[in-house]
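Below, chain A is the first sequence line, B the second, and so on; all start at residue 1.
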2 protein chains.
Amino acid sequence: MTISARVHYATLALIELAQRQSEKSPVAVREICQRHGIPAPFLVQILRTLRSAGWVQSIRGAQGGYRLAIAPTELNLLEIAEAVGCSDSNCQTDATDTPANRMVHEVWDAASEASRAVLARTTLAEIAARSAQGDEVMFYI
Amino acid sequence: MTISARVHYATLALIELAQRQSEKSPVAVREICQRHGIPAPFLVQILRTLRSAGWVQSIRGAQGGYRLAIAPTELNLLEIAEAVGCSDSNCQTDATDTPANRMVHEVWDAASEASRAVLARTTLAEIAARSAQGDEVMFYI
DNA sequence: CCATACTTGACTATTGGGATCAACTTTCTA
DNA sequence: TAGAAAGTTGATCCCAATAGTCAAGTATGG
């Protein structure tokens, strides 16, 4: 499970949308990009994926933008990573099928599973809340 | 921590050498390759790395080959992976340094650390022994 | 002396990730 | 009812890293 820039940006965008769920008007792509330093056309591409996953809703036209379309408690980082293309394709070789080969693959799988577990138990709600606290601290300093 | 073919091959080779540590003559590259289906020139390249790490010893000339130069209990899969170039460079972006960004990075780091822990606690001795058992089972079937 | 085997350095090729663009459609607002 | 603001789409490009290859050389046993 390699974490790509794609996944990182997707997560940042979702956090932003989660924190601003209560706002009346949707959040523009440009805003998200400016706040987080994400290349705009790239984020557009990523948001397409998030939309087809049903996690964000897009509103077209002037004053348009994006809005979270799911409860932040119902989305974890593993789901995000997998949706945005962090395939888990661990080590594809044409090595002979031997006991050693199987054994080693088991270890790789176990390692992969361990990191997936960490991602799976971290919800969008959690990190959104925790980074919002960070914002407040910054504000008061 | 992505597992590349390099790491996989390196591990297979080390297992082979570990299992044949007691033999008098060293093991030829060609033998390892045939047994495990590894492209020979590629394994040569990998063995170079393992040698400079001090884990294998090479014997040149006819009847030459490789021999394990370390106790299999003293080598774990994390060390192997790192030596052979599985850098942990998790997600390099030029995202703005915000609370959200830091928070997300913490999660990636935790996930990465979880998989590293699995690899770190698996020794070469362990998988060599376990896959040797597998060999026996195959033999008796 | 020659076959076997390791050594070294350079080299190629393919893939996937990161990023960009242009042309288009939709919708608000003045 | 324009036109500005936004999202939509599909194609395209670049680069770095990975996988894999090659050739010329050196050492050693028989």
Side-chain angles (χ1 to χ4, degrees), chain A residues 1-13 17 24-34 36-53 56-67 69 81-95, chain B residues 1-10 12-13 17 24-34 36-52 56-67 69 81-95:
Chain A
M1 179 63 58
T2 306
I3 300 302
S4 58
R6 252 190 176 71
V7 180
H8 190 71
Y9 291 151
T11 308
L12 290 178
L17 295 182
K24 287 166 215 160
S25 46
V27 183
V29 171
R30 191 158 40 80
E31 266 187 86
I32 305 178
C33 291
Q34 282 172 352
H36 296 278
I38 305 173
F42 195 17
L43 183 58
V44 165
Q45 198 184 91
I46 294 166
L47 284 169
R48 225 193 295 188
T49 309
L50 299 182
R51 192 171 64 109
S52 65
V56 302
Q57 175 198 356
S58 65
I59 291 94
R60 302 180 66 158
Q63 315 303 320
Y66 282 86
R67 190 174 286 166
E82 285 181 338
V84 180
C86 264
S87 63
D88 197 23
S89 65
N90 228 348
C91 173
Q92 290 161 353
T93 66
D94 29 353
Chain B
M1 178 63 59
T2 305
I3 300 302
S4 58
R6 251 193 176 69
V7 180
H8 190 71
Y9 291 151
L12 289 177
L17 295 181
K24 288 165 210 160
S25 45
V27 183
V29 171
R30 189 157 42 81
E31 265 186 87
I32 305 178
C33 291
Q34 282 173 352
H36 296 279
I38 306 172
F42 195 19
L43 183 58
V44 164
Q45 198 186 89
I46 294 166
L47 284 168
R48 225 193 295 189
T49 309
L50 298 182
R51 193 171 65 108
S52 66
V56 301
Q57 175 198 354
S58 66
I59 292 95
R60 303 181 62 159
Q63 313 305 320
Y66 282 86
R67 191 174 284 165
E82 285 181 338
V84 180
C86 266
S87 63
D88 198 21
S89 64
N90 230 348
C91 170
Q92 291 161 353
T93 66
D94 28 352

Minimum side-chain heavy-atom gap B:Y9-B:P39 below 4.5 Å: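 They are in side-chain contact.
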Check: B:L43 and B:P41 side chains under 4.5 Å, non-hydrogen atoms: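 Of all side-chain heavy-atom pairs linking B:L43 with B:P41, none is under 4.5 Å.
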So, does [X] get its side chain near the phosphate of [N], meaning an N or O under 4.0 Å from OP1 or OP2?
| X | N | answer |
| --- | --- | --- |
| B:S58 | C:dA5 | no |
| A:Y9 | C:dA19 | yes |
| A:S4 | C:dG18 | yes |

Could you pull out all donor-acceptor pairs under 3.5 Å where a side-chain atom in residues 26-34 of chain B meets a protein atom, sequence neighbours excluded?
{"from": "B:E31", "atom 1": "OE1", "to": "B:R20", "atom 2": "NH1", "distance (Å)": "3.2"}
{"from": "B:E31", "atom 1": "OE1", "to": "B:R20", "atom 2": "NH2", "distance (Å)": "2.8"}

No-H, no-angle donor-acceptor pair, A:R48 side chain to D:dG10 base, under 3.5 Å: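 Indeed, a donor on one side and an acceptor on the other fall under 3.5 Å apart.
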No-H, no-angle donor-acceptor pair, A:R51 side chain to D:dG7 base, under 3.5 Å: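 Answer no: no donor N or O sits under 3.5 Å from an acceptor.
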Within this structure, what is the [atom1]-to-[atom2] distance between [X] and [N], rounded to whole angstrom?
| X | N | atom1 | atom2 | answer |
| --- | --- | --- | --- | --- |
| A:H8 | C:dA19 | NE2 | P | 11 Å |
| B:I46 | D:dT21 | CD1 | P | 12 Å |
| B:L43 | D:dG20 | CG | P | 12 Å |
| B:F42 | C:dA13 | CZ | P | 17 Å |
| A:R30 | D:dA4 | CZ | C1' | 12 Å |
| A:R67 | D:dA6 | CZ | P | 15 Å |
| B:Q34 | C:dA5 | CD | P | 10 Å |
| A:Q57 | C:dT27 | CD | C1' | 15 Å |

Contacts under 3.5 Å, N or O only, protein and nucleotides 12-14 of chain D:
none

Would you mind telling me which of [options] lies closest to the side-chain atoms of [X]?
| X | options | value |
| --- | --- | --- |
| A:Y66 | C:dA5, D:dG7, D:dG20 | D:dG7 |
| B:D94 | C:dA19, D:dA19, D:dT8 | C:dA19 |
| A:P41 | C:dT8, C:dT20, D:dG7 | C:dT20 |

Spacing of OG1 belonging to A:T11 relative to CG belonging to A:L50, to within rounding of 0.5 Å: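 Spacing of OG1 (A:T11) from CG (A:L50) equals 8.5 Å.
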NE2-CG distance between B:H36 and B:L12, expressed to the nearest 0.5 angstrom: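 Taking NE2 in B:H36 and CG in B:L12, the distance rounds to 6.0 Å.
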Per-nucleotide protein contact string for nucleotides 24-30 of chain D (B base, S sugar-phosphate only, - none; heavy atom under 4.0 Å): -BBBBS-
Sugar-phosphate only, base, or nothing, as touched by A:L47 at under 4.0 Å among non-hydrogen atoms: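 Answer is nothing: A:L47 stays at 4.0 Å or more from every strand.
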Sugar-phosphate only, base, or nothing, as touched by A:V44 at under 4.0 Å among non-hydrogen atoms: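 Contact class for A:V44: base.
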Taking every non-hydrogen atom, the tightest pair across A:A10 and A:V84: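 Minimum heavy-atom contact is CB-CG2, 3.8 Å.
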All side chain to side chain contact (heavy atoms under 4.5 Å, CB included) counterparts of B:R51, not counting sequence neighbours: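 Per chain and number, B:R51 pairs via side chain to side chain contact (heavy atoms under 4.5 Å, CB included) with B:V56, B:S58.
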Side chain to side chain contact (heavy atoms under 4.5 Å, CB included) partners of A:Q57, counting only residues at least two apart: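 Testing A:Q57 for side chain to side chain contact (heavy atoms under 4.5 Å, CB included), a comparison that skips the adjacent residues, returns A:I59, A:R67, A:A69.
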Results of side chain to side chain donor-acceptor pair (under 3.5 Å) for A:Q45 - residues two or more places apart only: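 Result, side chain to side chain donor-acceptor pair (under 3.5 Å) vs A:Q45: A:R6.
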